[in-house]
Colleague: 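Handing you a structure now.
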Amino acid sequence: MTERPDRLPLDRAFFHRPVLDVAPDLLGRTLVRRTPEGPVEVRLTEVEAYAGPADPGSHAYRGRTPRNAVMFGPPGHAYVYFTYGMWHCLNLVCGPEGTASGVLLRAGEVIRGVELARRHRPTARNDHELAKGPARLATALDVDRSLNGADACDGPEAPLGILTGTPVPPSRIRQGPRTGVGGAGATQPWRFWIDGDRSVSPYRAHTPRRRGRAAGRTELDSAGRDA
DNA sequence: ATTTGGATACTCT
DNA sequence: GAGTATCCAAATA
């Protein structure tokens, strides 16, 4: 069987670099999810970098916990977390082991296994919304915490893999603030996406959730909007 | 087209 | 107990 050049697996050295180098380099790559039902593949179109314990936006901020332990391990592995009571999100660990940095896979275009992805996400209105958003991407690929720690560089039979795909030239890459990240972590423009791609998720500023019904103050600030 | 509020359960303080 | 690297339906315009 002949391997096309765009279907060669990326080796671990790809991830063994600073996260800000890896994140934009992941755009255009092919993420493979192999399920018992068959494969689903996405072309990555949007990612975010999280830079370890020094990054206020990162789960690794304030050090290692049971949840984020995988981020402190070797690069090329999946860090899957559960959020908002319903959703999973998929990251790939980057950098030298112990730096606890990773890339959140925020969106992609399903290029293989569309029918299977639709079954995982029956509410998607059209194909370019199947993986438009990090939880949608995880759902379309049937990713949950059973894949936390899975090695994406473990060969052609592994449940998760990453292939060369078609790297995106810098001129087609845009960057801006990370979605949903507040406080000091909001200042870094560490979200990267492919300019104009339909599967890129809309930017949403950080919105603190107010619990209960007593919302004391009306003095909420208006979110600054850039032109 | 854009904004709002609800659902949901896990993680760490 | 409070906050969350979200999504969806419903309401507004």
Side-chain angles (χ1 to χ4, degrees), chain A residues 19-20 22-23 26 31 44-72 78-94 100-108 117-118 120-126 128-149 175-193 198-218 220-227:
Chain A
V19 64
L20 292 180
V22 176
L26 276 170
L31 177 71
L44 296 174
T45 58
E46 181 190 357
V47 300
E48 278 175 2
Y50 288 86
D55 175 5
S58 173
H59 286 176
Y61 191 54
R62 296 190 198 91
R64 179 179 181 141
T65 67
R67 177 175 66 156
N68 66 23
V70 169
M71 293 190 90
F72 289 80
Y79 166 48
V80 181
Y81 66 87
F82 184 69
T83 191
Y84 291 104
M86 292 179 241
W87 310 110
H88 297 276
C89 293
L90 170 62
N91 303 253
L92 294 174
V93 178
C94 301
S101 54
V103 177
L104 171 66
L105 308 183
R106 287 197 56 88
R118 279 187 165 285
H120 294 146
R121 262 184 49 69
T123 60
R125 308 163 89 238
N126 51 55
H128 67 265
E129 284 188 0
L130 278 171
K132 183 178 187 167
R136 289 167 169 183
L137 184 148
T139 304
L141 270 57
D142 192 29
V143 167
D144 62 19
R145 274 173 301 178
S146 68
L147 286 175
N148 190 36
Q175 70 179 291
R178 293 177 294 189
T179 301
V181 175
T187 58
Q188 311 288 13
W190 288 348
R191 171 176 175 248
F192 302 88
W193 67 93
R198 286 182 311 174
S199 68
V200 173
S201 66
Y203 174 71
R204 290 203 168 278
H206 178 69
T207 55
R209 285 290 164 215
R210 204 160 277 220
R211 195 180 169 77
R213 51 221 133 193
R217 307 206 175 259
T218 52
L220 295 173
D221 58 326
S222 58
R225 209 169 288 175
D226 57 343

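Order of the sequence lines fixes the chain letters, A, B, ..., with proteins taken first and strands second; residue numbering starts at 1 for each chain. Reckoned from all heavy atoms, side chains included, excluding hydrogens, waters and symmetry mates.
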Colleague: Can you find a heavy atom in the side chain of Val181(A) that is under 4.5 Å from one in the side chain of His206(A)?
Modeller: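 Result no, sub-4.5 Å side-chain heavy-atom pair not found.
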Colleague: Taking all atoms of both residues into account, what is the closest heavy-atom pair of Arg106(A) and Ser201(A), and its distance?
Modeller: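 Where Arg106(A) meets Ser201(A) most closely, the heavy atoms are NH2-OG, 3.4 Å.
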Colleague: Could you pull out all residues at least two apart from Tyr84(A) that satisfy side chain to side chain contact (heavy atoms under 4.5 Å, CB included)?
Modeller: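 Only Trp87(A) meet the side chain to side chain contact (heavy atoms under 4.5 Å, CB included) criterion with Tyr84(A).
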Colleague: With heavy-atom distances below 4.5 Å as the criterion, would you say the side chains of Tyr81(A) and Asn91(A) are in contact?
Modeller: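 A side-chain contact under 4.5 Å exists here.
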Colleague: What is the distance, to the nearest angstrom, from the NE2 atom on His88(A) to the C1' atom on dT11(B)?
Modeller: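 Distance check: His88(A) NE2 to dT11(B) C1' gives 14 Å.
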Colleague: Expressed in angstrom and rounded to an integer, what is the separation of Tyr203(A) atom OH from dT3(B) atom C1'?
Modeller: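 Whole-Å distance recorded here is 16 Å.
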Colleague: Report, one line per pair, each donor and acceptor closer than 3.5 Å where one atom sits in a side chain of residues 50-66 of chain A; sequence neighbours left out.
Modeller:
residue: Tyr50(A); atom: OH; partner: Glu48(A); partner atom: OE1; Å: 2.6
residue: Asp55(A); atom: OD1; partner: Gly57(A); partner atom: N; Å: 2.9
residue: Asp55(A); atom: OD1; partner: Arg178(A); partner atom: NH2; Å: 3.0
residue: Asp55(A); atom: OD2; partner: Ala51(A); partner atom: N; Å: 2.9
residue: Asp55(A); atom: OD2; partner: Arg178(A); partner atom: NH1; Å: 2.8
residue: Ser58(A); atom: OG; partner: Ala60(A); partner atom: N; Å: 2.9
residue: His59(A); atom: ND1; partner: Tyr79(A); partner atom: OH; Å: 2.8
residue: Thr65(A); atom: OG1; partner: Arg67(A); partner atom: N; Å: 3.4
residue: Thr65(A); atom: OG1; partner: Asn68(A); partner atom: N; Å: 3.4
residue: Thr65(A); atom: OG1; partner: Asn68(A); partner atom: ND2; Å: 3.4

Colleague: Which residues pass the side chain to side chain contact (heavy atoms under 4.5 Å, CB included) test with Phe82(A), sequence neighbours left out?
Modeller: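 Once residues adjacent in sequence are excluded, the partners of Phe82(A) under the side chain to side chain contact (heavy atoms under 4.5 Å, CB included) criterion are His88(A), Arg145(A).
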Colleague: Atom OH of Tyr61(A) to atom P of dG3(C): distance rounded to whole Å?
Modeller: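 Nearest whole value for this atom pair: 17 Å.
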Colleague: Would you say that Leu90(A) contacts Leu31(A) through its side chain, given a criterion of any heavy-atom pair below 4.5 Å between the two side chains?
Modeller: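 When only atoms from C-beta onward are counted, Leu31(A) and Leu90(A) do touch, with a gap below 4.5 Å.
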Colleague: Dot-bracket, 5' to 3', for DNA chain B please: Watson-Crick or G-U pairs under 3.5 Å, [ ] where pairs cross earlier ones, | where the partner sits on another strand, dots elsewhere.
Modeller: |||||||.||||.
Colleague: Rounded to the Å, how far apart are Arg62(A) CZ and dT4(C) P?
Modeller: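 Between P of dT4(C) and CZ of Arg62(A): 10 Å.
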Colleague: Contact class for Arg191(A) vs. all strands (heavy atom < 4.0 Å): base, sugar-phosphate, or nothing?
Modeller: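 Result for Arg191(A) = nothing.
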Colleague: Could you pull out every donor-acceptor pair under 3.5 Å between side chains of residues 129-142 of chain A and any protein atom, sequence neighbours left out?
Modeller:
residue: Lys132(A); atom: NZ; partner: Arg198(A); partner atom: O; Å: 3.4
residue: Arg136(A); atom: NH1; partner: Lys132(A); partner atom: O; Å: 2.9
residue: Thr139(A); atom: OG1; partner: Ala135(A); partner atom: O; Å: 2.7

Colleague: In the 5'-to-3' direction, what one-character label does each nucleotide of nucleotides 5-11 of chain C receive under the scheme B = base within less than 4.0 Å of a protein heavy atom, S = sugar-phosphate only, - = no such atom?
Modeller: BBBS---
